[in-house]
2 protein chains.
Amino acid sequence: MDALECTKILKALGEDTRIQIFEMLRNGKLCACKMIEKFDITQPTFSHHMKILCDCGIVVSEKDWKWTYYSINCDKLNELLTYLGHTKCNSNLTCECKKNNCD
Amino acid sequence: MDALECTKILKALGEDTRIQIFEMLRNGKLCACKMIEKFDITQPTFSHHMKILCDCGIVVSEKDWKWTYYSINCDKLNELLTYLGHTKCNSNLTCECKKNNCD
DNA sequence: CTCTCATATTTACAATTATCTATATTATAC
DNA sequence: GTATAATATAGATAATTGTAAATATGAGAG
């Protein structure tokens, strides 16, 4: 992953509604109709946010019957974590470098 | 780390100039005057970006003589990685969950 | 004290983005 | 075919944010 792709994902996640959507999806797949109930926004606004999350690759969508299901693209998420974590820590700042687990 | 703090950091990093600043700082501490040479922006704009990066906690600054040095706050970075990585991957998306190393 | 250097702040403006209403699409049910 | 349901797109507007010019601050040097 390069800086350009990374920025696109960070831009997508760096917004109040969209980070909440991300949090909701962390426990698994959800359909749009269930998710939108939790937010005080209109359906087109929700759809707009989902498009941004999908366009950057961090979320994937799949159609089933007449519903659209969304889930986190864990491969892409791990690419992002690897990119961000690839940081040399200087002397006066200790780096813990913890393992990131999906429990 | 909660969603609010996370969003603030993601907002800070999700901008073209600031992700480049982040990349520059990954190899260690740098002073403002050296960094600004690499960018085609004015000094006030650079200062504005550094303020956003410092306010969210992902970058720390220290004054030495008349120069200001910036470096990545690795503790905060690891908090962010832990937060983002705390994701349950569903059945049809395999989770690699690689260890993030600072080499 | 004044001068210079490095950086920060203020103000204003331009570009981007989040949001809405209205409409379109796509699929199913009748 | 029409009607309904779930989601997407288009267009308009309001809010946010990136940028630069001008100015301020703070710390040596003389």
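A note on names: the letters A, B, ... follow the listed sequences, proteins ahead of strands, and every chain is numbered from 1.
For residues 42-61 of chain A, the pairs satisfying salt bridge (charged side-chain N to carboxylate O under 4.0 Å, His left out) are A:K51-A:D55, with sequence neighbours left out. Pairs passing the salt bridge (charged side-chain N to carboxylate O under 4.0 Å, His left out) check and including a residue from residues 35-48 of chain B, sequence neighbours excluded, do not occur. For residues 1-14 of chain B, the side chain to side chain donor-acceptor pair (under 3.5 Å) pairs, not counting sequence neighbours, are B:E5-B:K76.
Figure legend: cation-pi geometry between A:R26 and B:Y83, with NZ or CZ positioned under 6.0 Å from the six-membered ring centre and within 45° of its axis.
Of the residues in residues 1-10 of chain A, none lies under 4.0 Å from DNA chain D by heavy-atom distance.
For the pair A:K34 NZ and D:dA5 P, the interatomic distance rounds to 16 Å; values are reported in whole Å. Between the NZ atom of B:K66 and the C1' atom of C:dA6 there is a distance of 7 Å, given to the nearest Å. In this entry the distance linking CG of A:D64 with P of D:dT7 reads 11 Å, nearest Å.
Evaluation of the side chain to side chain contact (heavy atoms under 4.5 Å, CB included) rule for B:H48 yields B:I52 as partners, not counting sequence neighbours. With sequence neighbours excluded, the residues that form a side chain to side chain contact (heavy atoms under 4.5 Å, CB included) with A:I36 are A:Q43, A:F46. A search for side-chain hydrogen bond (donor to acceptor under 3.5 Å, both in side chains) contacts involving B:T45 returns B:T42, not counting sequence neighbours.
Chaining together hydrophobic side chains whose heavy atoms lie under 4.5 Å apart places B:Y69 alongside B:W65, B:W67.
Counting only heavy atoms from C-beta on, B:W67 has its side chain closest to C:dA6 among C:dA6, D:dA6, D:dA29.
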**Request:** Assign a letter to each nucleotide of nucleotides 8-23 of chain D from its 5' end: B, base within under 4.0 Å of a protein heavy atom; S, sugar-phosphate only; -, no contact.
**Result:** BB-------SSBBBB-

